[in-house]
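Right, one structure below, let's go through it.
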Amino acid sequence: MFAYSKQYGLGAKEEDAIIRCLSVISNLADQLYYPCEHIAWAADAKIIHVNSTRWWILSTALWGLSLLLGIGRSLKIILNLRRKLRNPERRSASKSFRRETKMIETQVKSEILTLLSNLADLANAIHWLPPGFLWAGRFPSWLVGLMGTVSSLISVYQASGPHSEKSDDS
């Protein structure tokens, strides 16, 4: 995660300022999440002598924040891509137009999957926060497992490679 955040930096290569801002803040939340989770784990393992509860709450809140920012980022990317698809200036019957359209549609599908994965994880993150916050602690075990499974299956699918449909010229 640190290597990714360092490589992304302040997102200078990102064209959209909103996406850049959401990404940078999300990277910061992710960077803070990991040490908090490790402190909580070390406290539970009696390696350090601090109250782990606060650290677990903080790490879960940072996880939730990162997921919310990721959801916002995915929504903005989807809106930008759909706007690009509807742009009348890019309409053409050429193969490059069809190829670009197919590529944009594939990107939209990928972002929708990322959005669904983040929503499933966010539902679980809220469940693990202290009782009294939205639906915290109210999910039955099977629903926690289902949300985690949905998120994991989407992640495995996305990691397994490109899933673009065959283009017309292949």
Side-chain angles (χ1 to χ4, degrees), residues 1-81 106-164:
M1 188 63 222
F2 180 73
Y4 171 78
S5 292
K6 185 177 174 190
Q7 178 266 330
Y8 187 82
L10 296 177
K13 296 176 186 170
E14 196 71 61
E15 293 177 19
D16 189 292
I18 293 171
I19 293 172
R20 180 175 43 248
C21 184
L22 290 170
S23 297
V24 169
I25 297 169
S26 178
N27 287 345
L28 180 62
D30 289 340
Q31 291 304 320
L32 295 171
Y33 162 81
Y34 290 107
C36 292
E37 183 187 44
H38 284 82
I39 291 169
W41 174 84
D44 283 349
K46 307 285 189 240
I47 296 170
I48 59 175
H49 301 290
V50 296
N51 182 353
S52 69
T53 303
R54 287 183 181 176
W55 290 101
W56 283 120
I57 291 169
L58 182 57
S59 69
T60 303
L62 287 165
W63 178 37
L65 174 62
S66 176
L67 292 166
L68 277 172
L69 293 164
I71 289 165
R73 182 180 185 280
S74 288
L75 288 171
K76 180 64 172 149
I77 290 170
I78 291 167
L79 288 173
N80 289 354
L81 291 170
T106 299
Q107 289 174 309
V108 169
K109 290 175 187 175
S110 177
E111 277 309 317
I112 289 171
L113 288 174
T114 299
L115 178 66
L116 292 173
S117 177
N118 283 342
L119 285 168
D121 282 338
L122 181 62
N124 274 346
I126 291 171
H127 168 77
W128 293 112
L129 287 170
F133 183 79
L134 298 175
W135 56 83
R138 295 189 185 154
F139 280 0
S141 297
W142 67 267
L143 187 53
V144 172
L146 177 64
M147 292 296 168
T149 301
V150 166
S151 174
S152 295
L153 288 174
I154 290 170
S155 295
V156 167
Y157 175 76
Q158 288 181 309
S160 69
H163 299 287
S164 60

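Model, not experiment: these values are computed from the prediction.
Closest heavy-atom contact between N118 and G70: ND2-C, 3.7 Å.
The distance from the CG atom of L129 to the CD1 atom of I57 is 7.5 Å, given to the nearest 0.5 Å. In this structure, the separation between CG on L115 and CG on L75 is 5.0 Å, given to the nearest 0.5 Å. Here the CG-CG distance, from L22 to N27, works out to 11.0 Å after rounding to the nearest 0.5 Å. Taking CG of L28 as the start and OG of S23 as the end, the distance is 12.5 Å to the nearest 0.5 Å. Going from atom CG of L116 over to atom CD1 of I154 covers 5.0 Å, rounded to the nearest 0.5 Å.
Not counting sequence neighbours, the partners of T53 by the side-chain hydrogen bond (donor to acceptor under 3.5 Å, both in side chains) test are N51. With sequence neighbours left out, A45 forms a side-chain contact (heavy atoms from CB on, under 4.5 Å) with W41, I47. Take N80 and apply the side-chain hydrogen bond (donor to acceptor under 3.5 Å, both in side chains) test, not counting sequence neighbours, and it matches D16, K76, R83. By the side-chain contact (heavy atoms from CB on, under 4.5 Å) test, I77 pairs with I19, R73, L81, E111, sequence neighbours left out. Applying the side-chain contact (heavy atoms from CB on, under 4.5 Å) criterion to I48, with sequence neighbours excluded, gives I39, A42, A43, V50.
Annotation: side chain to side chain donor-acceptor pair (under 3.5 Å) contacts involving residues 124-138, sequence neighbours excluded, are absent.
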Return all side-chain donor-acceptor pairs below 3.5 angstrom for residues 60-68, not counting sequence neighbours, or 'none' if the list is empty.
{"unit_1": "T60", "atom_1": "OG1", "unit_2": "W56", "atom_2": "O", "d": "2.8"}
{"unit_1": "S66", "atom_1": "OG", "unit_2": "S26", "atom_2": "OG", "d": "3.3"}
{"unit_1": "S66", "atom_1": "OG", "unit_2": "D30", "atom_2": "OD1", "d": "2.6"}

Enumerate donor-acceptor pairs with a distance under 3.5 Å from any side-chain N or O in residues 139-153 to protein atoms, sequence neighbours excluded.
{"unit_1": "T149", "atom_1": "OG1", "unit_2": "G145", "atom_2": "O", "d": "2.7"}
{"unit_1": "S151", "atom_1": "OG", "unit_2": "S117", "atom_2": "OG", "d": "3.0"}
{"unit_1": "S151", "atom_1": "OG", "unit_2": "D121", "atom_2": "OD1", "d": "3.0"}
{"unit_1": "S151", "atom_1": "OG", "unit_2": "D121", "atom_2": "OD2", "d": "2.9"}
{"unit_1": "S152", "atom_1": "OG", "unit_2": "G148", "atom_2": "O", "d": "2.9"}

